[in-house]
There are 2 protein chains.
Amino acid sequence: MSLTHTGVTTTPADLDPCGRADHPDCGIRDVLDRIGDKWSVLVIVELASGPRRFRELQRAVDGISQRMLTLTVRRLERDGLVLRTVYPTVPAQVDYRLTTTGAGLTHLVKALADWSLAHRPVIAEARRAYDRTHPDHDIR
Amino acid sequence: MSLTHTGVTTTPADLDPCGRADHPDCGIRDVLDRIGDKWSVLVIVELASGPRRFRELQRAVDGISQRMLTLTVRRLERDGLVLRTVYPTVPAQVDYRLTTTGAGLTHLVKALADWSLAHRPVIAEARRAYDRTHPDHDIR
DNA sequence: CAGTATCCGAGTTGATACTG
DNA sequence: CAGTATCAACTCGGATACTG
């Protein structure tokens, strides 16, 4: 479902996720779907430090299950952000590394991380203020 | 603190919703959770063009349900990214606009959008190539 | 080691109906 | 207009077990 689902009240099969000129999200959805999920960013960040094997990644990304790591790296691979290399040894050995495209994305992720870090106090305070003024409201 | 944790990244003092020191995502998660979901970015982008009323937003963000729009703007408000103003008219009138913090975030979102747009062809091609070479694989 | 295959519960979303 | 309330459908992620 990650390919072209933006809002979609439009047609089922739309090869043009973009559709309208007044729809400013064209294309961004693709990337957002990828980096927006729980694990991708963590994997990307880890790979930014260099190639990693499957188990290394799993150990580095604390809490990720085998299943989720597999799915995550597969999707990143499919999008051309990560390169997966299998060495026909026994036991199997596979390494993952960022592609040029993927490395480019890390800059943005880094920028986002910096912004997040810089604004964490502000956001935290905003939340406290909100929760204080809206005691019974459950936004999550 | 940096995102990159080569081998060992001990985050010294961490006040955190984060839990553990070996978790390099501290803080970025907050923001990612917000902009990573299906609708927030679309709403932010729309608001980047100026204040909007509830219905205007709903019309602009194609496909969003009333419920989801409410939840989305509430969360953005709670995080201090969006300011919600209620005018006690009849019928009710409410407008939403980005806060200074929110506006700052739009720059990053913009950067992400630009990157996405620029790399869309590459990613699309990577996907086609992957799907061609892995015909039976369902990554979704 | 590096996966794949299943099952299942929790959380999220969307449709629908109703209100100040 | 700008919501709130409710509920069913669906998705996602984790746990577990098995394989080349």
S.K.: Report the distance from atom CG of A/Asp37 to atom P of C/dT12, rounded to the nearest whole Å.
M.R.: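 Checked: the CG to P distance equals 15 Å.
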S.K.: Of all the choices, C/dG3, D/dC1, D/dG14, which nucleotide is nearest to the side chain of B/Ala92 once you look at every atom?
M.R.: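 Output: D/dC1.
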S.K.: Examine C/dG3: is either OP1 or OP2 under 4.0 Å from a nitrogen or oxygen in the side chain of A/Arg84? Give yes or no.
M.R.: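 Checking C/dG3 against A/Arg84, a side-chain N or O does come within under 4.0 Å of OP1 or OP2.
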S.K.: Tell me every residue that passes side chain to side chain donor-acceptor pair (under 3.5 Å) with A/Glu56, counting only those two or more places apart in sequence or in another chain.
M.R.: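 By the side chain to side chain donor-acceptor pair (under 3.5 Å) rule, A/Glu56 matches no residue at all.
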S.K.: Measure the distance from NE2 on B/His134 to C1' on C/dT4 and round it to the nearest whole Å.
M.R.: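 Taking NE2 of B/His134 and C1' of C/dT4, I get 15 Å after rounding.
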S.K.: Partners of A/Phe54 by ring-ring contact (aromatic ring centres under 6.0 Å, His included), sequence neighbours excluded?
M.R.: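 Expected list: none.
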S.K.: Rounded to whole Å, please give me the gap between CZ in A/Arg52 and P in C/dC1.
M.R.: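 These atoms are roughly 16 Å apart.
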S.K.: What residues form a side chain to side chain donor-acceptor pair (under 3.5 Å) with A/Ser40, not counting sequence neighbours?
M.R.: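 A/Ser40: side chain to side chain donor-acceptor pair (under 3.5 Å) contacts with A/Asp37.
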S.K.: By the 4.0 Å heavy-atom rule, please label B/Tyr96 as base, sugar-phosphate, or nothing.
M.R.: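 Touches sugar-phosphate only.
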S.K.: Could you state the CD1-P distance from B/Ile64 to C/dT12, rounded to the nearest angstrom?
M.R.: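 Interatomic distance, CD1 of B/Ile64 to P of C/dT12: 16 Å.
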S.K.: Residues two or more places apart in sequence or in another chain: which of them pass side chain to side chain donor-acceptor pair (under 3.5 Å) with B/Gln58?
M.R.: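 Expected list: B/Arg55.
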S.K.: Check this one for me: any side-chain N or O of A/Arg74 less than 4.0 Å away from OP1 or OP2 of C/dG3?
M.R.: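 Affirmative; the distance criterion is met.
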S.K.: In dot-bracket form, how is DNA chain D paired, counting a Watson-Crick or G-U wobble pair only if both its distances are under 3.5 Å and using | for bases paired to another strand?
M.R.: ||||||||||||||||||||
S.K.: Nearest whole Å is fine: how far is C/dA2 P from A/Tyr87 OH?
M.R.: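 It is 12 Å, rounded to the nearest whole Å.
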S.K.: Using only atom types and a distance under 3.5 Å, with no angle test, would you say the side chain of A/Thr106 pairs donor to acceptor with the backbone of A/Val109?
M.R.: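 Side chain of A/Thr106 to backbone of A/Val109, a donor-acceptor pair under 3.5 Å: no, none is there.
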S.K.: Applying ring pair (Phe, Tyr, Trp, His ring centres under 6.0 Å) as the test, list every pair that has at least one member in residues 106-130 of chain B; sequence neighbours left out.
M.R.: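 Qualifying pairs: B/Trp115-B/His119, B/Tyr130-B/His134.
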S.K.: I'd like to check the salt bridge (charged side-chain N to carboxylate O under 4.0 Å, His left out) partners of A/Arg128; sequence neighbours left out, ordered by chain and number.
M.R.: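 Once residues adjacent in sequence are excluded, the partners of A/Arg128 under the salt bridge (charged side-chain N to carboxylate O under 4.0 Å, His left out) criterion are A/Glu125.
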S.K.: Which listed nucleotide (D/dG3, C/dT4, C/dA2) is nearest to the side chain of A/Arg53?
M.R.: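 Selected nucleotide (nearest to the side chain): C/dA2.
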S.K.: Between the protein and nucleotides 15-18 of chain C, list every N/O to N/O distance that falls short of 3.5 Å.
M.R.:
none

S.K.: Quick check for you: among D/dC1, D/dG13, D/dA2, whose closest atom lies nearest to any side-chain atom of A/Lys38?
M.R.: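 Shortest atom-to-atom distance from the side chain points to D/dG13.
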S.K.: Could you tell me how far apart A/Gln58 (CD) and C/dC1 (P) are, to the nearest whole angstrom?
M.R.: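 So the two atoms are 9 Å apart, to the nearest Å.
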S.K.: Expressed as a whole number of angstroms, how long is the span from A/Leu69:CG to C/dA2:P?
M.R.: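 Result: 10 Å.
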S.K.: Side chains of A/Tyr96 and A/Arg52 only: does a donor on one sit below 3.5 Å from an acceptor on the other?
M.R.: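 A/Arg52 and A/Tyr96 do not have a side-chain donor-acceptor pair below 3.5 Å.
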S.K.: Nearest to the side chain of B/Phe54, which nucleotide is it out of D/dT4, C/dG14, D/dA2?
M.R.: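 Closest nucleotide to the B/Phe54 side chain: D/dA2.
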S.K.: According to side chain to side chain donor-acceptor pair (under 3.5 Å), who are the partners of A/Asp95, at least two apart in sequence or on a separate chain?
M.R.: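 Here the qualifying residues are A/Tyr87, A/Arg97.
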S.K.: Return the value, rounded to whole Å, for the distance between atom CG of B/Asp138 and atom P of C/dT4.
M.R.: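 Distance, rounded to whole Å: 12 Å.
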S.K.: Relative to the 5' end of DNA chain D, which residue comes earlier, A/Pro91 or A/Met68, by the nucleotide with the nearest heavy atom?
M.R.: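 Going by which nucleotide is closer to the 5' end, it is A/Met68.
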S.K.: Can you tell me which nucleotide in D/dC1, D/dG14, D/dT4 comes closest to the side chain of A/Trp39?
M.R.: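 From the listed options, D/dG14 comes nearest.
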S.K.: Does the distance from a Lys or Arg side-chain N to an Asp or Glu carboxylate O, for A/Arg75 and A/Asp79, drop under 4.0 Å?
M.R.: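 A salt bridge is absent here (no side-chain N lies under 4.0 Å from a carboxylate O).
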